[in-house]
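Everything below concerns the one structure shown next.
In each ligand, atom 1 is the first atom listed, and ligand 1 is the first ligand listed. We use all heavy atoms of the structure for the numbers below, so side chains are in, but hydrogens, waters and symmetry mates are not.
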Amino acid sequence: MSLNMYQVFFALAVLLLVYKFFEGKSKSLNRPPIVHISHEALFRYPRQAYETALKEHGPVIGVYRKNRLEYITDESLASEVLTNDALFSAERGTAAILNMPILNMLPHSFIGSLDKLINKSVIPFMETLVPKLAPVFEKHMFELAAQAEASKSDAGVPVELAHHVHDAMAESMLMLIIGEKNPSPEFVRAAIKVAFDVAIVAGIYQNLGYWSRTFPSTWRAFIWIKLMIFTIPWTFRNIAWRVWKDLQVVRKTGKSDHLDPVCLVSRLIQDTGSLRLKDRLWIVCLTLGITFASIHQTSAVIIWVVYELGVRRENLPLLRQELVDILETDPVSGKPTLTYSSLRNAERLDSFIREVLRMKGDTLTIFRLTTKDVPLGGYIIPKNTLITPMATLLHENTDLHGEDAKKFIGDRWMGSGKTSASISTGYWPFGLGRFACPGRQLAIAEIKLMIFALIARADLSMEGNKYTVIDPLNTTAVPPRGQLLLTRLDKHIF
Ligand code: HEM
Ligand SMILES: *[C@@H]1O[C@H](CO)[C@@H](O)[C@H](O)[C@H]1NC(C)=O
């Protein structure tokens, strides 16, 4: 019996199909299991839903959220995912999760440049920065306390915390970024609006809205065009225009005396050297990036800390005592003031802040994007997918933090050498690895300035002794909701 050519081809084709079938099978066998989690569970009880799924199918699972497949890991794989930047890219993960893949296409690394700028031009100057920032925060918090003092009654006076926090953050950051000492109300409003609009593009309310949850891809495209192309450039125009004019003057005259020499725009000019068109555009974009990165999250965290203090009032007397102990005397004016070294000595407040950041229930926070097919936990994670460890499994891990890990203990970290800005596998509200938040020391200093100024002149509590978490899937960006009440203190601490 002889085989004709058609039979040979047929046999080969069958073999090829069989091979492909098994190849496909073995590949998909090697993928982590895909777990279906209902919309309801995902958006209302994300912590329970992800933790249960990981317990059943871990150490790494795939879950679809808003039409995107994300891989979630348990505590055993967290360090590898967060710190091995060659395989799990922080920069590309952040760009993807911020809905801004365009950042990855730019000629220089945008996130890398922001990172370098903060590390080089902010952190080494904290000593001189704090006394400049302090009056801004004091002004706003003292204003709130004055509302309580104006009331005759002993009942708490409801105040608008979020509004004052946003104003204070925006004013202080405009001073730092463009060197504007008394920014006009238009500038302040623009900075707040820009930070807020970028957060919307980035998806801050995407877990909450009906449209964004049900039609995520259409929503992303729509909001992108609306905000990135129209709203943001329009809102940012006065700040951008001001920076642009400053740059023009430097370019024409070669002098920069009109600029505050320590503001970030001045530092960027020194670092850039020449100021060709593309350099000037780049500097304007970086100021936009810093405005977003610095104002939004810090404001959210301040609100968290104040509300937690409001429901844990037993911590207040010792914190006030700490404030008395760390205040220094200004050598020129003779007045009591807070310096960077006083803030660093405020161990009790620092511990409280660290405990709030650890316990606020972060679920999916910082994402990485795989740069190739990566073996992990016995599986292969395909190239270009989002992956993140489940934060609660580390932040409240009993092996890392002891048997009482799930308990909020305000002074837990006093004397431990672990500060609110020192990150580790058990504590990463600021991220981990090479691209961890460069602004964290500044953020913590600002939070302390604001809290001390508030408790120096008012007693605080929460209406109904509670607050509500609005988005349990995004505790970092969406602050809780509640009504802060202030009562006057018999005596100002400063
Ligand atoms: C409490 C307030 C803040 C929180 C919770 C926070 C948190 C974070 C996190 C989680 C990351 C990503 C890290 C990673 O992927 O490993 C990050 C990155 C970054 N943060 Fe912060 N941050 C805060 C305040 C600030 C401030 C005040 C500044 C600037 C002065 C700042 C500037 C940046 C920059 C430049 C990056 C890297 C680029 C980027 O992802 O946009 N952050 N931050
Ligand atoms: C939380 O909000 C930020 C915007 O500030 C967004 O980039 C991020 O994707 C959101 N996180 C989650 C888990 O939805």
Side-chain angles (χ1 to χ4, degrees), residues 42-43 46 50 65-66 68 70 72 81-83 85 88-100 103 109-119 121-123 126 129 133 169 172-173 176-177 195-208 212-213 216 220 264 286 288-305 353-354 356-357 360 362-369 386 388-391 420-421 423 428-448 450 470-479:
L42 205 60
F43 294 114
Y50 282 112
R65 182 173 69 109
K66 293 182 286 198
R68 258 198 305 218
E70 293 165 340
I72 319 292
V81 170
L82 293 176
T83 59
D85 201 59
F88 303 98
S89 164
E91 220 174 326
R92 303 195 48 208
T94 303
I97 203 69
L98 292 178
N99 291 331
M100 289 178 212
L103 294 183
S109 144
F110 188 71
I111 292 174
S113 302
L114 289 178
D115 207 72
K116 216 164 75 195
L117 176 67
I118 304 290
N119 274 320
S121 305
V122 176
I123 303 309
M126 287 299 293
L129 267 174
L133 298 174
M169 275 310 301
S172 62
M173 286 300 101
L176 176 74
I177 300 168
F196 196 72
D197 285 345
V198 176
I200 293 178
V201 177
I204 181 176
Y205 293 134
Q206 225 175 328
N207 300 324
L208 299 174
S212 51
R213 258 157 58 167
R220 266 198 284 269
L264 292 183
L286 288 174
L288 177 64
I290 296 281
T291 308
F292 166 63
S294 61
I295 295 181
H296 193 79
Q297 298 226 68
T298 317
S299 302
V301 172
I302 290 169
I303 294 170
W304 267 105
V305 177
I353 294 170
R354 183 173 159 108
V356 172
L357 286 170
K360 72 187 191 308
D362 288 356
T363 48
L364 314 184
T365 51
I366 57 173
F367 283 83
R368 303 293 186 238
L369 198 77
L386 287 166
T388 181
M390 177 69 183
S420 52
I423 47 184
W428 35 274
F430 293 103
L432 201 62
R434 196 156 75 84
F435 283 99
C437 178
R440 59 190 190 273
Q441 262 96 359
L442 175 65
I444 294 294
E446 290 170 329
I447 296 167
K448 287 181 182 166
M450 199 107 68
I470 301 176
D471 183 358
L473 200 48
N474 208 337
T475 45
T476 347
V478 186

Starting from [atom], locate the nearest protein heavy atom and write down its residue, its atom name and how far away it is, to 0.1 Å.
| atom | answer |
| --- | --- |
| atom 40 (O) of ligand 1 | Thr94 CG2, 3.5 Å |
| atom 39 (C) of ligand 1 | Ile111 CG2, 3.9 Å |
| atom 1 (C) of ligand 1 | Val301 CG2, 3.5 Å |
| atom 13 (C) of ligand 1 | Phe435 O, 3.2 Å |
| atom 12 (C) of ligand 1 | Ile366 CG2, 4.1 Å |

[X] heavy atoms, cut-off 4.0 Å: which ligand 1 atoms fall inside?
| X | value |
| --- | --- |
| Leu432 | 16 (O) |
| Ile118 | 29 (C), 30 (C) |
| Ala436 | 13 (C), 16 (O) |
| Pro429 | 5 (C), 7 (C), 10 (C) |
| Leu442 | 30 (C) |
| Thr298 | 1 (C), 2 (C), 24 (C), 27 (C) |

Pairs where residues 429-440 contributes a residue and the test salt bridge (charged side-chain N to carboxylate O under 4.0 Å, His left out) is met, not counting sequence neighbours: Asp85-Arg434

message: I'd like to know if the side chain of Asn99 and the backbone of Val201 have a donor-acceptor N/O pair within less than 3.5 Å.
response: yes

task: Ignoring hydrogens and angles, tell me if any N or O in the side chain of Trp428 forms a donor-acceptor pair with the backbone of Gly433 under 3.5 Å.
output: no

At their closest point, which heavy atom of [X] faces which heavy atom of [Y], and how far apart are they?
| X | Y | value |
| --- | --- | --- |
| Ser420 | Ile353 | CB-CG2, 4.1 Å |
| Thr298 | Ser294 | OG1-O, 2.7 Å |
| Pro472 | Thr363 | O-OG1, 3.7 Å |
| Leu103 | Ala95 | CB-CB, 4.0 Å |
| Gly112 | Glu91 | N-OE2, 3.7 Å |
| Pro479 | Ile470 | O-CD1, 3.7 Å |

message: Taking 2.8 Å as the distance threshold, tell me the number of protein N/O/S atoms next to atom 21 (Fe) of ligand 1.
response: 1

field: Test log, rule side chain to side chain contact (heavy atoms under 4.5 Å, CB included), inputs Leu357 and Phe430
entry: CA-CA 9 Å; Leu357 286 170; Phe430 293 103; 3.9 Å; yes

Residue part near ligand 1, for Leu82, under 4.0 Å between non-hydrogen atoms: neither

- prompt: Can you tell which part of Ala300 has a heavy atom less than 4.0 Å from ligand 1: side chain, backbone, both or neither?
  reply: neither

message: If you apply the rule side chain to side chain contact (heavy atoms under 4.5 Å, CB included), what do you find for Thr476 with Asn474, and how did you get there?
response: CA-CA 5 Å; Thr476 347; Asn474 208 337; 3.8 Å; yes

field: Ile290 heavy atom under 4.0 Å from ligand 1
entry: no

- request: With rounding to the nearest 0.5 Å, note down the distance linking CD1 in Ile97 to CZ in Arg368.
  value: 11.5 Å

- request: Working to the nearest 0.5 Å, report the span between CG of Leu129 and CG of Leu442.
  value: 7.0 Å

task: Can you sort out the partners of Val198 under side chain to side chain contact (heavy atoms under 4.5 Å, CB included), two or more places apart, ordered by chain and number?
output: Met100, Val194, Ile232, Phe292

task: Check the pair Tyr50 / Leu42 against side chain to side chain contact (heavy atoms under 4.5 Å, CB included), numbers first and verdict last.
output: CA-CA 8 Å; Tyr50 282 112; Leu42 205 60; 3.2 Å; yes

Could you list each nitrogen or oxygen of ligand 2 that sits under 3.5 Å from a protein nitrogen or oxygen, with the atom names and the distance?
residue  : atom   : partner : partner atom : Å
ligand 2 : 2 (O)  : Asn474  : ND2          : 2.3
ligand 2 : 7 (O)  : Ala202  : O            : 2.9
ligand 2 : 11 (N) : Asn474  : ND2          : 2.9
ligand 2 : 14 (O) : Arg65   : NH1          : 3.1
ligand 2 : 14 (O) : Asn207  : ND2          : 3.0

query: So do Ile72 and Glu70 actually touch side chain to side chain, heavy atoms under 4.5 Å?
result: yes

query: Can you check side chain to side chain contact (heavy atoms under 4.5 Å, CB included) on Phe43 and Leu473, steps first, answer last?
result: CA-CA 6 Å; Phe43 294 114; Leu473 200 48; 3.8 Å; yes

field: N/O separation below 3.5 Å, Arg368 to ligand 1
entry: yes

